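First the structure, in the form of structure tokens, and then the observations on it.
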Amino acid sequence: MANLRGRVLRLFAPYRGRILVTCLIVVISAGLGVVPPLLVKRVFDDALFPPGRRPVMGLLAVLVAAMICFYLLTAALNVLQTWLTSTVGNLVTGDLRVRLFEHLQKMELGFFTRTRTGVIQSRLQNDVGGVSSVLTSTLTSILGNVVTVIASLVAMILIDWRLTVVAVILMPILVLVQRRVSQIRARIAGQTQESLSELTAITQETLSVSGVLLAKSFNRQAGEAARYRSENTTQIRLQVRRAMSGQGFFAIVQVLMASVPAIIYLLAGWLIIAGRSGLTAGAIVAFTTVQARLLNPLVGLMRVALDVQTSQALFARIFEYLDLVPAVVDAPHARTVAEAPGPRGRICLDDVTFRYPDAAASSPPILDGVSFTVEPGQHVALVGPSGSGKSTILSLVPRLYDTTTGRVEYAGADVRTLQHSSLVDDVGMVSQETYLFHATIAENLRYARPEATDAELIEACAAANIHHVIVGFEHGYDTVVGERGYRLSGGEKQRIAIARVLLKDPPVLLLDEATSALDTVSERLVQDAIDEVAHGRTTLTVAHRLSTIVDADMIHVIKDGRIVESGSHQELMDLDGIYAELASQQLAVPAHHG
Ligand code: ADP
């Protein structure tokens, strides 16, 4: 906990200057708050009702002007203070949000497959947002309230210490009542929340298609309704109790608040009659005014205590994310690809075994002893049944995942010893799912190379067989695509993805052929685009249509995470194994019988 507090405080360190100024202003304005009541005393005693004389108008005017000036000054200080605190609070949470965002971006792909998107978004939005509102208020609230309480107490003692004692005795009672009520309300709130989720659960289970079907077929509707009714009654009772516990409290507070001055009057009268006081009318008015300022800060402080607890929980959640260690980080002395010993474009898998990070250790590995090499400029294809691990092999090259055992080498160096950004720069990936941002086509293309010229965009798109489609759109390259934008067909999206890789112009191409059926025309267009982009590059393809890989330099057949056959198309046909079987189905070429 102390550790947590230290970390939270360190977040504020860059802004200590502003914070210091803020604190100063808070202290000054809280302290100034007691001045007007003291002026009130003089207004009554020296200006309005000077002993045995008529009101002194000159002094009265000065005192009133002074009071108004003080109110103006306090108001101005308040505005300044609000501005400062909200700036600091938002700067701190802004920093935190960016840090969290950057950190999460570094997390490996596995983190995102494990974590629900909603949860990540909630941490960035709600948790950081929640902290923001607490930060801005807490900081000044504590300081301001403490100073107000102290200043008021000092002023009260200065006016009359005996009245102060009586007034102060009553305060703890109020605070205690407030505390007790808060506890009760928190408990009721918890119960209400539980009962509410129970109600929701019943609704969800019962009023869904399967739930209704089940209830109808077993004739259980009456029973379900009874369950719902009983939980609903609990809910009503809790809600009313919650509302009433608050009302009861406010009633008590109001009575006590109103009673304190009344009791003060009584005591003052008694003191005056006893002749043991220098109490004046002005002193009594000033005293009750100051005393009334005491309650709110005390209640405010109690609320802050609650806020701080809540924000600690939020901070803990945020730090939990910041403390996650990304699985893929650069080794201390990572080299660039250019410094690697082997030729660029060379990919080598050496006895690779792989399990997805969240898989049970007892489950069979997804890849088991996979070894092969792709020489620069070669075209190597992976074929095999769906789920055999082909896409997984591709994801190991740019370190979307790291191998469990064995190693993946690029340019003669273990990929774990290379600077990750340098490795990724060398690899272009076209995956089955093409993701386009909600942005214009041009912006989506420039994601690969922000400085690309319009002419280069057009060249890439022409090569990827998509230029003629884009110019057909009303807004051409400025057409907004993606989530809520213009919907491109699967084949068009893939060709845009290919154009994007052409713009990136990497020496290595990892191609995951889409399994989704394209019609023959768009398949032809996509294939031509792929041939264009693959030209002159080292290419590792996951192929589903064997027609596209007949000319591949090497074909590996993957089954259950192992390479079961390797060779050129002709060699594999001659082998008359799995590949030949697949080919006879797809290419209408009779399997070799010899
Ligand atoms: P292929 O490309 O040959 O169809 P994949 O490499 O996509 O096969 O998948 C191989 C196996 O790994 C499948 O059984 C699949 O369920 C599993 N798998 C794929 N992605 C993940 C993931 N992110 N987390 C856990 N298991 C996965």
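If you're wondering where the values come from, they're calculated on a predicted model, not measured in any experiment. We use all heavy atoms of the structure for the numbers below, so side chains are in, but hydrogens, waters and symmetry mates are not. Numbers here are sequence positions counted from 1. Whatever order the structure lists ligands and atoms in, that order sets their numbers, starting from 1.
In this view, D402 and V328, R399, R416 satisfy the side chain to side chain contact (heavy atoms under 4.5 Å, CB included) rule, not counting sequence neighbours. By the salt bridge (Lys or Arg N to Asp or Glu O under 4.0 Å) test, R537 is found to be paired with D505, residues two or more places apart in sequence or in another chain being considered. Residues forming a salt bridge (Lys or Arg N to Asp or Glu O under 4.0 Å) with E375 (at least two apart in sequence, or on another chain): R346.
The residues E492 and R495 are annotated as not salt-bridged, no charged nitrogen and carboxylate oxygen being separated by less than 4.0 angstrom.
Across I558, L540, V557, a single residue satisfies side chain to side chain contact (heavy atoms under 4.5 Å, CB included) together with K390, and that is I558.
When heavy-atom distances to ligand 1 are checked against 4.0 Å, the residues falling inside are T113, Y356, I366, P385, S386, G387, S388, G389, K390, S391, T392, Y401, ordered by chain and number.
Side-chain polar atoms of T353 and T405 form a donor-acceptor pair below 3.5 angstrom.
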